[in-house]
Trainee: 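Quick one: the structure is below, questions incoming.
The chain is numbered in sequence order, starting from 1.
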Amino acid sequence: MTMSTVRFSLVAVGLFMLAFIGISWANKGFPVMVTRVVPLKPDARIPTFEESVKQGLRKDWENSKTAQSDGDKERDKLRLELLQASIGYKLSPCDATMRKNLVEALTRYVNAWAAMAGCKFGRCTGSEKQLDAAAAAFQSPADIHVHATLTEAINKGGISKADFPKSIRDDVFMFSGVPFTFGEENTCAGGRRAENSR
């Protein structure tokens, strides 16, 4: 077979295929693919922007008016203990038992967070997923309420970082949100000094 015969055969096969495709297309009525633009239709499963905003505002309002937790019974117990201890110390900063209760409750609370986040001695070696899970678990509306009450109690003075185990000292400061007094006297000791000077 010569080169011209091969070319002729290829051209003949190509023409045959073109004729076959053309006849098939003609038999179907010469259909042409057309694209058209149609407006998007709303989907009931996807909230509108306005609905999303309303849901967000509603959730913020609920969080500000309620003290909902994440539903974990162990964490709820720790929250309640810390809330009670914070209120007790806030009302009676001169009572040694109230001070001890606050230090113990805050130690248990911070230890639970540190264990969940993979943190020790102020260093977190846990994965980013662990840290995010711990942050979410300890930032419920109930926790925010507890943190606010704890801050008020710590502001009374009389509690220092030295009262806590070394493994959580830096983390305790983070949860209270206020600098510890580092040995400064609390309001109770100042009042006693004023009474003694009379």
Trainee: Could you measure the distance from the CD1 atom of Ile168 to the CG atom of Leu106? Nearest 0.5 Å is fine.
Mentor: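 The distance works out to 6.5 Å.
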
Trainee: Does the side chain of Leu82 reach to within under 4.5 Å of the side chain of Leu102, using non-hydrogen atoms?
Mentor: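 Touching, per the 4.5 Å side-chain cut-off.
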
Trainee: Keeping Trp25 on the side-chain end and Pro31 on the backbone end, is there a donor-acceptor pair under 3.5 Å?
Mentor: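 Yes, Trp25 side chain to Pro31 backbone: donor-acceptor pair under 3.5 Å.
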
Trainee: Do Tyr89 and Leu80 land in one hydrophobic cluster if side-chain heavy atoms of ILVMFWY residues count as linked below 4.5 Å?
Mentor: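 The answer is no; the residues belong to distinct hydrophobic clusters.
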
Trainee: Give the minimum heavy-atom separation between Phe164 and Val103, together with the two atoms involved.
Mentor: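 Reported closest heavy-atom pair: CE2-O, 3.6 Å.
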
Trainee: Under 3.5 Å, is there a donor-acceptor pair between the side chain of Arg99 and the main chain of Gly158?
Mentor: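 At least one qualifying donor-acceptor pair exists.
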
Trainee: Within this structure, what is the CG-CD1 distance for the pair Leu83 and Ile87, rounded to the nearest 0.5 Å?
Mentor: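 It comes to 4.0 Å.
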
Trainee: Quick check: does any side chain N or O of Asp163 sit under 3.5 Å from a backbone N or O of Ile159, one acting as donor and the other as acceptor?
Mentor: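 Here the side-chain-to-backbone pair does not exist.
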
Trainee: Any chance the side chains of Asn27 and Ser24 put a donor and an acceptor closer than 3.5 Å?
Mentor: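 There is no such pair (donor and acceptor under 3.5 Å, judged by atom type) between the side chains of Asn27 and Ser24.
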
Trainee: Hey, is the main chain of Lys129 close enough, under 3.5 Å, to the side chain of Asp132 for a donor-acceptor pair?
Mentor: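 Absent.
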
Trainee: Between CG of Leu78 and OH of Tyr109, what distance do you get to the nearest 0.5 Å?
Mentor: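 Interatomic distance, Leu78 CG to Tyr109 OH, rounded to 0.5 Å: 8.5 Å.
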
Trainee: Can you tell me how far the NZ atom of Lys90 sits from the OG1 atom of Thr151, to the nearest 0.5 Å?
Mentor: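 Lys90 NZ to Thr151 OG1: 10.5 Å, rounded to 0.5 Å.
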
Trainee: Spell out, yes or no, whether Leu131 and Met116 are grouped together once hydrophobic residues are joined by side-chain heavy atoms under 4.5 Å, including indirect joins.
Mentor: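 No; Met116 is not reachable from Leu131 via cluster members.
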
Trainee: How close do Trp113 and Ala134 get, heavy atom to heavy atom, and via which atoms?
Mentor: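 Residues Trp113 and Ala134, closest heavy atoms: NE1-CB, 3.7 Å.
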
Trainee: How far does OG of Ser86 sit from CE of Met98, to the nearest 0.5 angstrom?
Mentor: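 One gets 11.5 Å once the value is rounded to the nearest 0.5 Å.
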
Trainee: Does the Ser92 side chain pair with the main chain of Gly88, one donor and one acceptor, at a distance under 3.5 Å?
Mentor: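 A pair under 3.5 Å: no.
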
Trainee: In Å and rounded to the nearest 0.5 Å, what is the CZ to OG distance from Arg75 to Ser140?
Mentor: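 Nearest 0.5 Å value for the CZ-OG distance: 8.5 Å.
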
Trainee: Counting only heavy atoms from other residues, nucleotides and ligands, does the tally under 6.0 Å from CD of Glu51 exceed 12?
Mentor: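 Atom CD in Glu51 is packed in, count exceeds 12.
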
